[in-house]
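Remember, it's a predicted structure, so these values are computed and weren't measured experimentally.
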Amino acid sequence: MFVRDHALPGLGGTAPSLPDQRELVAAFGSSQGDPNTDHPLIGWARTLATLHRQRHGNPLAAAGIDCRRAELVAAIDKWVATQVPRRGCTEHLRTGSLGATVDRMAAAHAHASHLLHTAEKVSDDRVHAAWYRLASLADEWTDLIVGAVRKA
């Protein structure tokens, strides 16, 4: 479900389209050619996850990768600033960076996936903790975007 499916009282319309947590998590594990990539946040989320995987695989390239990640975080924040109306019901979005939240989720997904594929046992506590961390960040994303709809 996109947040655009909920009307924002007092705005005379619907909220701009923001992907929900399931769509973001799916994007982290998808590749560039996958369908349903017309939303800019989905494409940026996919790229952030790819960069986190590359950073893990090539620590010597960390500086360049981190620079690109910072550019994507800024692009997400700029998109949100221009697409989400500035009203009291969305003001809380300005206090935190949605781009940074997506980046943290991408990092958590890359880490959890890596552990899942490399741990001796899937039941390893580290695997569970990594996926729990991703779930917590996904809940944080939901709180951020749904709060914009409910606050008004």
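Here the CD atom belonging to E23 is positioned 10.0 Å from the CG atom belonging to L18, to the nearest 0.5 angstrom. Here the CH2 atom belonging to W141 is positioned 10.0 Å from the CG atom belonging to D20, to the nearest 0.5 angstrom. If you take NE2 on H56 and CG on L51, they are separated by 14.5 Å, rounding to the nearest 0.5 Å. One distance of note links NE2 of H111 with NE2 of H114; it measures 8.0 Å at 0.5 Å rounding. Remark: L115 CG to H128 NE2 distance equals 13.0 Å, nearest 0.5 Å.
Tracing side-chain contacts under 4.5 Å through hydrophobic residues (I, L, V, M, F, W, Y), one reaches L116 starting from V25; they form part of the same cluster.
Here the shortest heavy-atom pairing between L24 and A45 reads CD2-CB, 3.7 Å. Looking at every heavy atom in both residues, A49 comes nearest to A110 through O-CB, 4.4 Å. Here the closest heavy-atom approach between residue T142 and residue Q21 is recorded as OG1-NE2, 2.7 Å. Of all non-hydrogen atoms in M105 and A138, the two that sit nearest each other are CE-CA, 3.8 Å. Across every non-hydrogen atom of A119 and V127, the tightest pair is CB-CG2, 3.6 Å. Nearest approach of F28 to V102, heavy atoms of both residues: CZ-O, 3.8 Å.
Partners of R133 according to the side chain to side chain contact (heavy atoms under 4.5 Å, CB included) rule, which considers only residues two or more places apart in sequence or in another chain, are R104, A108, L137. With sequence neighbours excluded, no residue forms a side chain to side chain donor-acceptor pair (under 3.5 Å) with Q54.
Ring pair W44/H39: centre-to-centre distance not below 6.0 Å.
H117 places a side-chain N or O within 3.5 Å of a backbone atom of S113 that can act as its donor or acceptor partner. At least one donor-acceptor pair closer than 3.5 Å links the side chain of D77 to the backbone N or O of G99.
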All N/O donor-acceptor pairs, side-chain side in residues 58-74, below 3.5 Å, sequence neighbours left out:
from : atom 1 : to   : atom 2 : distance (Å)
D66  : OD1    : R55  : NE     : 2.6
D66  : OD1    : R69  : NH1    : 2.6
D66  : OD2    : R55  : NE     : 3.3
D66  : OD2    : R55  : NH2    : 2.8
R68  : NH1    : E71  : OE1    : 3.3
R69  : NE     : H52  : NE2    : 3.2
R69  : NE     : D103 : OD1    : 3.0
R69  : NE     : D103 : OD2    : 3.4
R69  : NH2    : D103 : OD2    : 2.6

